[in-house]
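Below you'll find the structure, written out as structure tokens, and then a few comments.
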There are 2 protein chains.
Amino acid sequence: MSDPNVRLEELVTRLRALGHRLTPQRMAVLQTLALSDSHPSVEQIYERVKRDFPMTSLATVYKTVTLLKEMGEVLELGFSDDSRRYDGSKPYPHPHLVCVRCKEILDPDMPSVSGLSDRLAQTRGYQIVGHRLDFYGICPCCREREA
Amino acid sequence: MSDPNVRLEELVTRLRALGHRLTPQRMAVLQTLALSDSHPSVEQIYERVKRDFPMTSLATVYKTVTLLKEMGEVLELGFSDDSRRYDGSKPYPHPHLVCVRCKEILDPDMPSVSGLSDRLAQTRGYQIVGHRLDFYGICPCCREREA
DNA sequence: GTATCTGCAAATGGTTTGCACGCTA
DNA sequence: TAGCGTGCAAACCATTTGCAGATAC
């Protein structure tokens, strides 16, 4: 994992490079995304941002997250139950380990599957642009609670 | 790929085994799910079903798909753009190859990742209950069209 | 015969949008 | 000062739900 503060600087620089303005609300969203390792939801980002800027609106959080998503600086993880979580630290495809009970999301160390991507490109003629690998399970904490 | 008609029989049997009634509308949904290899959306299932039963409602299709999902007989694939596709042929985790242009979904032959599941169970203490592996790309057809 | 299923229409709820005002650069 | 960004509230829209009538078994 790279330094979260370095990542924050990077996000600020790239926003500015594209001519976007850096408002306090945006800065707070960037901080939450860059400094959190917990793959927050929009609602969670909103709650965190409101601590510093109580009059921030949910719509603004949505707009900022959407902007970052379009810039490719945030990875969106949509799930079957309609929930969406965001990763601003590593905005490129990587495996996730999801607890189906408490919804915690971890980034496990794991061999990459990019070799499989290459194989698909060859055998199917697809130009691969991304992938997603999720493991769903019950975390030790929830297993104990249920025992 | 197993025989779609065998799969259809299987679905019918399992529905009945749980005491559910087999209405014409349900039968048409089962057929669409079992006999299609194209991972249809609810809307697509609805269009197909209406050919045989024009007065079928969208709500009924939703209810039947939800029932099958709860029975574990249909795999739901939700995507970031809010679209959802369903697989009634192989309702267990398996890799998908998705064209980001035309939304076609294929089941590529591919080594399984269950070995990685086992490893996560050991290293992280998770009880793994499922996984998802998707590759996103541009299919040969769409690549040619764009060239 | 009766409990389940269907169709309709209304409700739901996360996300998006339109607009007038405010603030960054 | 020129626009971009914000906050508010309304709009959106796929999906779910409630209910009265229809139907599988």
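Excluded from the calculations below are hydrogen atoms, water molecules and symmetry mates; all remaining heavy atoms, backbone and side chain alike, are included. Keep in mind that what you see is a predicted model, and the values were worked out from it rather than measured. The chains referred to below are lettered A, B, ... by the order of the sequence lines, with proteins before strands, and numbering in each begins at 1.
- When the P atom of C/dG14 is taken as reference, atom CG of B/Asp81 falls 19 Å away, rounded to whole Å.
- In this structure, A/Lys63 places its NZ atom 7 Å from C1' of C/dT17, rounding to the nearest Å.
- A salt bridge is defined here as a Lys NZ or Arg NE, NH1 or NH2 lying under 4.0 Å from an Asp or Glu carboxylate O, and A/Arg14 with A/Glu10 meets this definition.
- Note that B/Arg132 lies in the cation-pi zone of B/Phe79, set by a 6.0 Å cut-off to the ring centre and a 45° limit from the axis.
- Here the P atom of nucleotide D/dT23 and the CG atom of B/Leu22 are 16 Å apart, to the nearest Å.
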Next on the checklist: Could you go through B/Arg7 and B/Glu73, starting from their C-alpha distance and side-chain angles, then the distance that decides it, and tell me whether this counts as salt bridge (Lys or Arg N to Asp or Glu O under 4.0 Å)?
Outcome noted: CA-CA 10 Å; B/Arg7 175 62 182 151; B/Glu73 296 297 336; 2.9 Å; yes
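- The side chain of A/Arg84 places an N or O atom within less than 4.0 Å of a non-bridging phosphate oxygen (OP1 or OP2) of C/dT15.
- Between B/Asp82 and B/Gly19, the residue anchored nearer the 5' end of DNA chain C, judged by the nucleotide with its closest heavy atom, is B/Gly19.
- With C/dT6, C/dC5, D/dT17 as the candidates, the nucleotide lying closest to the side chain of B/His20 is C/dC5.
- Between the side chain of A/Arg21 and the base of D/dC4, a donor-acceptor pair under 3.5 Å is found.
- The phosphate of D/dG5 has neither OP1 nor OP2 within less than 4.0 Å of any side-chain N or O from A/Thr64.
- Under 4.0 Å is where a charged nitrogen must lie from a carboxylate oxygen, and between A/Asp37 and A/Lys90 no such pair does.
- Here B/Thr56 lies in heavy-atom contact (under 4.0 Å) with sugar-phosphate atoms only.
- Taking side-chain N and O atoms only, A/Thr60 has a distance below 4.0 Å to OP1 or OP2 of D/dG7.
- Atoms CG (B/Asp52) and C1' (C/dT6) sit 17 Å apart, rounded to a whole Å.
- When the side-chain nitrogen and oxygen atoms of A/Gln25 are compared with OP1 and OP2 of C/dC23, none of them lie within a distance under 4.0 Å.
- Rounded to whole Å, the distance from CE on B/Met55 to C1' on C/dG7 is 8 Å.
- One interatomic measurement links the two molecules: CZ of A/Phe53 to C1' of C/dC23, which rounds to 13 Å at whole-angstrom precision.
- Side-chain proximity of B/Tyr62 to the nucleotides D/dT16, D/dG18, C/dT24 is greatest for D/dT16.
- Taken to the nearest 0.5 Å, the NE2 atom of B/His20 stands 7.0 Å off from the CZ atom of B/Arg26.
- With D/dA9, C/dT6, C/dC8 as the choices, the nucleotide that has an atom nearest any side-chain atom of B/Ala59 turns out to be C/dC8.
- C/dA25 atom C1' lies 14 Å from atom CG of A/Leu15, rounded to whole Å.
- Summarising the geometry, the separation between CZ on B/Arg26 and P on D/dA24 is reported as 12 Å, rounded to the nearest angstrom.
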